[in-house]
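I have placed the structure first, in the form of structure tokens, so that the comments after it can refer back to it.
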Amino acid sequence: MTGGNAVVPTSTSAQARVMLYQPSQRPFLREGNWNYTSFGRCRVTGRLGQRHADVVEAVLYCAERRRDVSDGGIELLVDPARVRKTLSDSRYSFTHIEKLVAELRAATITIETPQFDSPIIGGLIDHLIPSPMTRRDPLTGGERNLWRVRLGVALVMLLENDLRLYYDPAPIARLQHGISQAVARHLLSHKKAPIGGWHLDTVIVAVAGTVTSKAMRNARFRLREDADELKLLGLVLDGQRVKKTTPA
């Protein structure tokens with residue numbers, strides 16, 4: 001079996017709507033303060049940014065097999081070479097991925113939304129270990145181990161109870177700026193756009209919270225720098241609005 005949403009969705013709507021991941025590729029360490037949105041609230045103890053979202057989505061998208069564990073957990077079989085190819089053509093080393101996974105393991109999240117009867121509390125990734133299964137490595141001619149990735153209880157609950165999203169995460173991972181990635185993820189969690197599209201500043205506040213005027217100007221500038229790549233995702237910047245179209 002190959003990946004590409006073969007066994008699990010790429011993401012879920014709440015992850016993109018409650019500011020779980022900071023709209024930055026260089027996130028700061030959060031200490032459990034609540035972030036409030038119109039969709040609910042979230043707090044994170046740890047460091048979670050858009051590169052962490054890249055890794056989680058790539059692992060889910062590339063998963064080849066799924067094993068449900070007796071304690072309610074989920075373990076995925078993943079080819080690390082496919083994950084790396086999904087993340088980047090060249091920028092991601094396995095050392096970089098291991099660092100991001102370590103930070104994912106260390107982070108604790110709490111999500112509260114009206115659709116869940118009780119808070120979702122836990123982690124996103126429990127562990128990543130080599131699998132006994134191997135695959136030929138074309139670079140060396142030898143064998144490479146696949147990964148066994150155990151999902152954290154919070155991510156399992158989201159996958160089982162939240163609105164599921166199916167898309168290729170590779171184009172988002174290749175966006176230049178974290179704010180562009182956060183906006184793309186947020187807007188892709190909506191099936192329909194409002195008439196005339198979304199107000200650009202409203203979308204920025206939705207993923208970044210209330211920001212200074214300088215930060216708002218920077219966010220607008222960075223989104224426009226990624227305009228061509230966003231168009232490939234079906235998101236078109238039109239003046240002060242973002243419109244949703246068929247992906248280019």
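- Annotation: salt bridge (Lys or Arg N to Asp or Glu O under 4.0 Å) contacts of R47 (sequence neighbours excluded): E103.
- One hydrophobic cluster holds both Y167 and V242 under the rule that ILVMFWY side chains link at heavy-atom gaps under 4.5 Å.
- V156 is not connected to L77 by any chain of hydrophobic side-chain contacts under 4.5 Å among Ile, Leu, Val, Met, Phe, Trp and Tyr, and they are in different clusters.
- The side chain to side chain contact (heavy atoms under 4.5 Å, CB included) test applied to A154 returns I109, I120, not counting sequence neighbours.
- Applying the 4.5 Å side-chain rule to ILVMFWY residues, one finds that L163 remains a lone member of its cluster.
- The structure places OH of Y21 at 7.0 Å from CD of E57, a figure rounded to the nearest 0.5 Å.
- In this structure, the separation between OG on S93 and NZ on K99 is 10.5 Å, given to the nearest 0.5 Å.
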Q25 vs Q181, side chain to side chain contact (heavy atoms under 4.5 Å, CB included): CA-CA, chis, key distance, verdict: CA-CA 9 Å; Q25 295 177 358; Q181 293 181 290; 3.0 Å; yes

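- Rounding to the nearest 0.5 Å places CD of E75 at 10.0 Å from CG of D126.
- The closest side-chain heavy-atom distance from I172 to L188 is below 4.5 Å.
- Using a 4.5 Å cut-off between side-chain heavy atoms of Ile, Leu, Val, Met, Phe, Trp and Tyr, Y166 forms no hydrophobic cluster with any other residue.
- Counting heavy atoms from C-beta outward, V83 and L87 have side chains that approach closer than 4.5 Å.
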Return a table of donor-acceptor pairs under 3.5 angstrom between the side chains of residues 191-205 and protein atoms on other chains or two or more places apart.
unit_1	atom_1	unit_2	atom_2	d
H199	NE2	R241	NH2	3.1
D201	OD1	R220	NE	2.9
D201	OD2	R220	NH2	3.1

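- The side-chain heavy atoms of I125 and L151, taken from C-beta on, include a pair separated by under 4.5 Å.
- Using a 4.5 Å cut-off on side-chain heavy atoms (C-beta onward), L233 and L175 make contact.
- Considering only residues two or more places apart in sequence or on other chains, K85 meets the salt bridge (Lys or Arg N to Asp or Glu O under 4.0 Å) condition with none of them.
- Applying the side chain to side chain contact (heavy atoms under 4.5 Å, CB included) criterion to D68, with sequence neighbours excluded, gives R66, I74.
- Linking Ile, Leu, Val, Met, Phe, Trp and Tyr residues whenever their side-chain heavy atoms come within less than 4.5 Å leaves V8 and L146 in two separate clusters.
- The backbone N or O of L100 sits nowhere less than 3.5 Å from a side-chain atom of R51 that would complete a donor-acceptor pair.
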Quick one: side chains of residues 28-36, donor-acceptor pairs under 3.5 Å with protein atoms, not counting sequence neighbours, listed by atom name and distance.
unit_1	atom_1	unit_2	atom_2	d
R30	NH1	L20	O	3.1
R30	NH2	M19	O	3.3
Y36	OH	R41	NH1	3.0

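- Closest heavy-atom contact between T110 and P119: CG2-CB, 4.2 Å.
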Test log, rule side chain to side chain contact (heavy atoms under 4.5 Å, CB included), inputs I129 and W147: CA-CA 6 Å; I129 59 177; W147 284 345; over 6 Å; no

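- The CD atom of E225 sits 12.0 Å away from atom CG of L237, with the distance rounded to the nearest 0.5 Å.
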Q115/N161 under side chain to side chain contact (heavy atoms under 4.5 Å, CB included): CA gap, chis, key distance, verdict: CA-CA 9 Å; Q115 71 191 87; N161 299 292; over 6 Å; no

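- Side-chain contact between V149 and L128 is present, with at least one heavy-atom pair separated by less than 4.5 Å.
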Audit row: Y61, T10, side chain to side chain contact (heavy atoms under 4.5 Å, CB included) steps and yes/no: CA-CA 5 Å; Y61 182 75; T10 302; 3.7 Å; yes

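- The shortest heavy-atom contact between E143 and T134 is OE1-OG1, 3.2 Å.
- Under the side chain to side chain contact (heavy atoms under 4.5 Å, CB included) criterion, T212 pairs with K214, A215, sequence neighbours left out.
- For the pair T37/V18, a side-chain contact is recorded, criterion being any heavy-atom separation below 4.5 Å from C-beta on.
- For R150, the salt bridge (Lys or Arg N to Asp or Glu O under 4.0 Å) partners two or more places apart in sequence, or in a different chain, are D71.
- The line from OG of S24 to NE2 of H177 is 11.0 Å long, rounded to the nearest 0.5 Å.
- The backbone N or O of S131 sits less than 3.5 Å from a side-chain atom of N145, completing a donor-acceptor pair.
- Each of V236 and L187 belongs to its own hydrophobic cluster when Ile, Leu, Val, Met, Phe, Trp and Tyr are linked at side-chain heavy-atom distances under 4.5 angstrom.
- For the pair L158 and A14, the tightest heavy-atom approach, listed with the atom from each and the gap, is CD2-CB, 4.1 Å.
- The shortest side-chain heavy-atom distance between L230 and V183 does not fall under the 4.5 Å cut-off.
- Chaining together hydrophobic side chains whose heavy atoms lie under 4.5 Å apart leaves I121 on its own.
- Scanning all heavy atoms of the two residues, the minimum distance from A182 to Q50 falls at N-OE1, 3.4 Å.
- A salt bridge does not link D226 with R174: every distance from a Lys NZ or Arg NE/NH1/NH2 to an Asp or Glu carboxylate oxygen is 4.0 Å or more.
- Smallest separation of non-hydrogen atoms from R224 and G239: NH2-O, 3.3 Å.
- For R105, there are no salt bridge (Lys or Arg N to Asp or Glu O under 4.0 Å) partners, not counting sequence neighbours.
- The shortest heavy-atom contact between T86 and P169 is CG2-CG, 3.7 Å.
- Hydrophobic clustering (ILVMFWY, side-chain heavy atoms < 4.5 Å, transitive): V207 and L223 are in one cluster.
- Remark: R67 CZ to R148 CZ distance equals 6.5 Å, nearest 0.5 Å.
- Contact check for E64 versus M133: no side-chain heavy atoms found under the 4.5 Å cut-off.
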